[in-house]
2 protein chains.
Amino acid sequence: MEYNQKQLSILEAAEKLFASHGFHATSVRDIAHEADVNIAMISYYFGSKEKLIEAIFLKRIFAWKLTLTEMLHNSARSYVERFDSLVETYVTRVMGNPCFNLMMIRAQIQEDIGVNDLIHENKKEVHEVIKAFINEGQESGVFNKDLDILMMVNTLVGTTNHIMSTRHHFQRLSNLEHLSDNELQEYLISHTSNHLKNLFKAILIHEA
Amino acid sequence: MEYNQKQLSILEAAEKLFASHGFHATSVRDIAHEADVNIAMISYYFGSKEKLIEAIFLKRIFAWKLTLTEMLHNSARSYVERFDSLVETYVTRVMGNPCFNLMMIRAQIQEDIGVNDLIHENKKEVHEVIKAFINEGQESGVFNKDLDILMMVNTLVGTTNHIMSTRHHFQRLSNLEHLSDNELQEYLISHTSNHLKNLFKAILIHEA
DNA sequence: TTGATTTAATTAAATGTTTGTTTAACTTTG
DNA sequence: CAAAGTTAAACAAACATTTAATTAAATCAA
């Protein structure tokens, strides 16, 4: 799990190219060229194109699970604070790593890329953690009963991913074409997380 | 725009394969085999693999724009009824045509497939129609002011697409593995559209 | 520290498939 | 009998991966 500079160049280049052109449309030649290494280095270090994409996923998924669990178990903060922080952290993470998250979306859609089982296993664990947190908040009387937690998670993930993956359509539709990529990213983080927090608060803590 | 049986077989096979394996991972040989036609027929009828995918998009997009406009302009129904019908019709359409919608999602993510401009143009028109409808509802006092319509549309589209494209993950997480594909589809249509209607109603017609 | 020897890193070239598209011959149809 | 439909075979280009040769780095006894 420890990579040298050349391996990191390959991982970064692959993530970028897989994200914008897709796994199958990206040749190992393209990756080697983008990373400025010889073609054979990819087989030498990672074995194959398939194993390369697996390495990318394993690295990121592990880190996210850790962040999430620590955040929701932080009992120093109120349930509402922790929920807001969940939304904001998730949105920030997706908007901040568009390349990786586009890869992830594509891998879930595609049935033939080997990492699908890995992703499902991770989804399940993440869902359990969030469900446990919200149930705890319900028992302590902060959150409403009768919440469809799975649907809420799907709204969080679906909305955020959709806005991220079509952000340039969004930019044009909002007349924000004067913004730089970084400015757009900041804008999307604040607007998306505020929108979602409002939406969820309406069913989480207000009466029906 | 009028296709014979052989052309329809090709279109259907291509839609299915592009959806599950992606554009680049699907060879014209695969399509020819799935459609049970000779390889050369694809070039003969559609010119190229690129023009084949364009034909698929043009056919579907035109039909959806027509349905939507007619529905929202039907002044015999109340604003709330028309809004509910918008949500329900959209969800039904996405869940009912997973192949095509997976293709659409992928095309938006991928920058190199030629249909991206076509999709953006369509998105813009659809957004204008929905915006005009909601503004009308606001002026007649049915809907709240200060709505971020673009964010709402992104939540509708993002949530629905996400649930559709990860429906088998969803099925496992909900312990619904005993359902057939058709039963699952029915379940997803009703649950997703009810969830979204509730969510939107909380910010559309209830006070802040 | 030196020099011998092994290991790891790197390369250009070659390998054998698979790709999208075309061709030229053949059959069916109006 | 010409036009449209259909086919198997052929095409060059691009593909992922391997090979064999070369260089750099590491190891270690003297």
Side-chain angles (χ1 to χ4, degrees), chain A residues 1-59 99 103 106-107 110-116, chain B residues 1-58 99 103 106-107 110-116 118:
Chain A
M1 266 290 238
E2 304 242 320
Y3 298 114
N4 63 38
Q5 194 49 56
K6 210 151 227 175
Q7 287 171 307
L8 288 172
S9 299
I10 294 171
L11 287 169
E12 192 189 337
E15 202 172 280
K16 178 181 164 188
L17 294 176
F18 286 159
S20 50
H21 309 119
F23 180 74
H24 294 285
T26 302
S27 69
V28 291
R29 280 171 183 77
D30 296 337
I31 298 171
H33 184 258
E34 176 79 26
D36 200 30
V37 301
N38 187 275
I39 317 167
M41 297 310 294
I42 291 165
S43 294
Y44 178 73
Y45 278 130
F46 296 96
S48 70
K49 202 178 153 186
E50 287 278 351
K51 285 186 191 155
L52 173 59
I53 201 175
E54 274 181 41
I56 296 174
F57 274 95
L58 277 170
K59 193 169 143 242
C99 286
M103 267 188 60
R106 217 192 310 267
Q110 221 117 331
E111 286 152 8
D112 51 3
I113 301 180
V115 292
N116 219 312
Chain B
M1 269 286 242
E2 305 243 319
Y3 298 114
N4 63 37
Q5 194 49 55
K6 207 151 231 173
Q7 287 171 306
L8 289 172
S9 298
I10 294 171
L11 287 168
E12 192 189 338
E15 202 172 281
K16 178 180 164 189
L17 295 176
F18 286 159
S20 51
H21 311 309
F23 180 75
H24 294 284
T26 303
S27 69
V28 291
R29 280 170 182 77
D30 295 338
I31 298 171
H33 184 258
E34 177 79 26
D36 200 30
V37 301
N38 186 276
I39 317 166
M41 297 311 294
I42 291 166
S43 295
Y44 179 73
Y45 277 128
F46 296 97
S48 69
K49 201 181 159 187
E50 287 278 351
K51 284 186 191 153
L52 173 58
I53 201 175
E54 273 180 43
I56 296 173
F57 274 95
L58 277 170
C99 287
M103 267 187 58
R106 219 193 309 267
Q110 221 116 334
E111 286 152 8
D112 52 1
I113 301 179
V115 292
N116 219 313
L118 183 71

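Note that the structure is a prediction, hence the values are computed from the model and not measured. All heavy atoms count here, side chains included; hydrogens, waters and symmetry mates do not. Lettering of chains follows the sequences in order, A, B, ..., and the numbering in each one begins at 1.
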With a cut-off of less than 4.0 Å, is there a side-chain N or O of Asn38(A) near OP1 or OP2 of dA12(C)?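 Checking dA12(C) against Asn38(A), a side-chain N or O does come within under 4.0 Å of OP1 or OP2.
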
Strictly below 4.0 Å, heavy-atom distances to any atom of DNA chain D: list the hits from residues 39-49 of chain A, or just say none.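 Ile39(A), Ala40(A), Ser43(A), Ser48(A), Lys49(A) - these, ordered by number, are the residues of the stretch whose heavy atoms sit under 4.0 Å from the strand.
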
Smallest separation among heavy atoms of [X] and [Y], with atom names:
X: His24(A); Y: His21(B); value: CD2-O, 4.1 Å
X: Phe46(A); Y: Lys51(A); value: O-CB, 3.1 Å
X: Val28(B); Y: Ile39(B); value: CG2-CG2, 4.0 Å

Look at the side chain of Arg29(A) against the base of dA14(D) and say whether a donor-acceptor pair falls under 3.5 Å; ignore hydrogens and angles.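 Flag unset: no donor-acceptor pair detected.
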
What's the [atom1]-[atom2] distance between [X] and [N], to the nearest Å?
X: Gln5(B); N: dG5(D); atom1: CD; atom2: C1'; result: 15 Å
X: Asn4(B); N: dG5(D); atom1: CG; atom2: P; result: 7 Å
X: Lys6(A); N: dA25(D); atom1: NZ; atom2: C1'; result: 13 Å
X: His24(B); N: dT18(C); atom1: NE2; atom2: C1'; result: 16 Å
X: Leu17(A); N: dC15(D); atom1: CG; atom2: P; result: 12 Å
X: His33(A); N: dA12(C); atom1: NE2; atom2: P; result: 13 Å

Please tabulate, for the side chains in residues 7-14 of chain A, all donor-acceptor contacts under 3.5 angstrom to protein atoms that are two or more places apart in sequence or on a different chain.
residue: Gln7(A); atom: OE1; partner: Asn4(A); partner atom: N; Å: 2.9
residue: Gln7(A); atom: OE1; partner: Asn4(A); partner atom: ND2; Å: 3.4
residue: Ser9(A); atom: OG; partner: Gln5(A); partner atom: O; Å: 3.0

Please list each protein N or O that sits under 3.5 Å from an N or O in nucleotides 24-30 of chain C, with the distance.
none

Taking everything shown except Lys16(B) itself, do over 12 heavy atoms lie less than 6.0 Å from its NZ?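 Atom NZ in Lys16(B) is not packed in, count stays at 12 or less.
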
Going by heavy atoms in the side chains, are Arg106(B) and Gln110(A) under 4.5 Å from each other?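 The answer is yes, as the side chains (C-beta and beyond) meet within the 4.5 Å cut-off.
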
Side-chain heavy atoms of Ile31(B) within contact of Phe18(B), under 4.5 Å: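 They are in side-chain contact.
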
Please confirm whether the backbone N or O of Ala107(B) pairs with a side-chain atom of Asn116(B), one donor and one acceptor, at under 3.5 Å?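 Yes, because the side chain of Asn116(B) sits within donor-acceptor range (under 3.5 Å) of the backbone of Ala107(B).
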
